[in-house]
Amino acid sequence: VSAPAGGGYYSSENAADRGAPSGEDQQTWNHQGRGSAFREMMANFGRFLVKVFRIGNTNFLVATKNGAEIFACPVTAVVLLIAFFFWVTVPLLIVSLFFGFHYHFRGSELGTDSVNKVMDGAADAVEDLKKNISGDNRQ
């Protein structure tokens, strides 16, 4: 057996003892290795999707008006509505702010004060804009 071009290391002794395939089995061995890596990657992706759906279904976007809860919708449904009906959903959410609706998140992952402060800030900005447009600058 001649040495590989450019130098390198080659050994054929005890190849079978190391579990390395020989000849025709080499191609099958390579595909089995790739198949198990692909299977593992798909299993990880599946676990990720399950986690995302669990978070989306246990956290809710809650709409309130005058302190009363009007509706609560799972975050998964909100994301799907925005993804498939963006040009209807987002304008409706923005216009509803002008009619006194306030939004916040409820749940263990998204119902934190920092996230809800941002939502309250958006509602406050709309209230300020309404006051400026109507000319009522009294505080």
Going only through I, L, V, M, F, W and Y residues with side-chain contacts under 4.5 Å, is there a path from Val75 to Leu49?
no
Could you state whether Phe101 and Ile133 fall into the same hydrophobic cluster, counting links through intermediate Ile, Leu, Val, Met, Phe, Trp or Tyr residues with side-chain heavy atoms under 4.5 angstrom apart?
yes
Identify the heavy atoms of Ser108 and Asn59 that sit nearest to each other, and give their distance.
N-OD1, 3.3 Å
Using the rule that Ile, Leu, Val, Met, Phe, Trp and Tyr join whenever any side-chain heavy atoms are under 4.5 Å apart, tell me whether Val95 and Ile70 fall into a single cluster.
yes
Side chains of Phe48 and Asn44 in contact at under 4.5 Å (non-hydrogen atoms)
no
Side-chain contact, heavy-atom cut-off 4.5 Å: Met42 with Arg39?
no
Would you find a donor on one side and an acceptor on the other, under 3.5 Å apart, between the side chain of Thr89 and the backbone of Phe86?
no
Find the distance between CG (Asp124) and CG (Leu129) and round it off to the nearest 0.5 Å.
12.5 Å
Ignoring hydrogens and angles, tell me if any N or O in the side chain of Lys51 forms a donor-acceptor pair with the backbone of Gly46 under 3.5 Å.
no
Taking a hydrophobic cluster as the set of Ile, Leu, Val, Met, Phe, Trp and Tyr residues connected by side-chain heavy atoms closer than 4.5 Å, whether directly or through intermediates, do Val79 and Leu93 fall within one such cluster?
yes
Candidate pair Leu97 and Tyr103, rule side-chain contact (heavy atoms from CB on, under 4.5 Å), full reasoning
CA-CA 8 Å; Leu97 291 171; Tyr103 296 99; 3.8 Å; yes
Looking at every heavy atom in both Phe98 and Lys130, which two are closest together, and how far apart are they?
O-NZ, 3.1 Å
Check whether any side-chain heavy atom of Val115 lies under 4.5 Å from a side-chain heavy atom of Phe105, and answer yes or no.
yes
Are Leu92 and Phe99 connected in the hydrophobic side-chain network, where two residues link if heavy atoms are under 4.5 Å apart?
no
In terms of heavy-atom contacts, Ala123 and His102 come closest through CB-ND1, 3.2 Å
Mind checking what makes side-chain contact (heavy atoms from CB on, under 4.5 Å) contact with Val78, not counting sequence neighbours?
Leu61, Cys73, Ile82
Listed partners of Val62 passing side-chain contact (heavy atoms from CB on, under 4.5 Å), at least two apart:
Phe60, Thr64, Glu69, Ala72, His104, Arg106
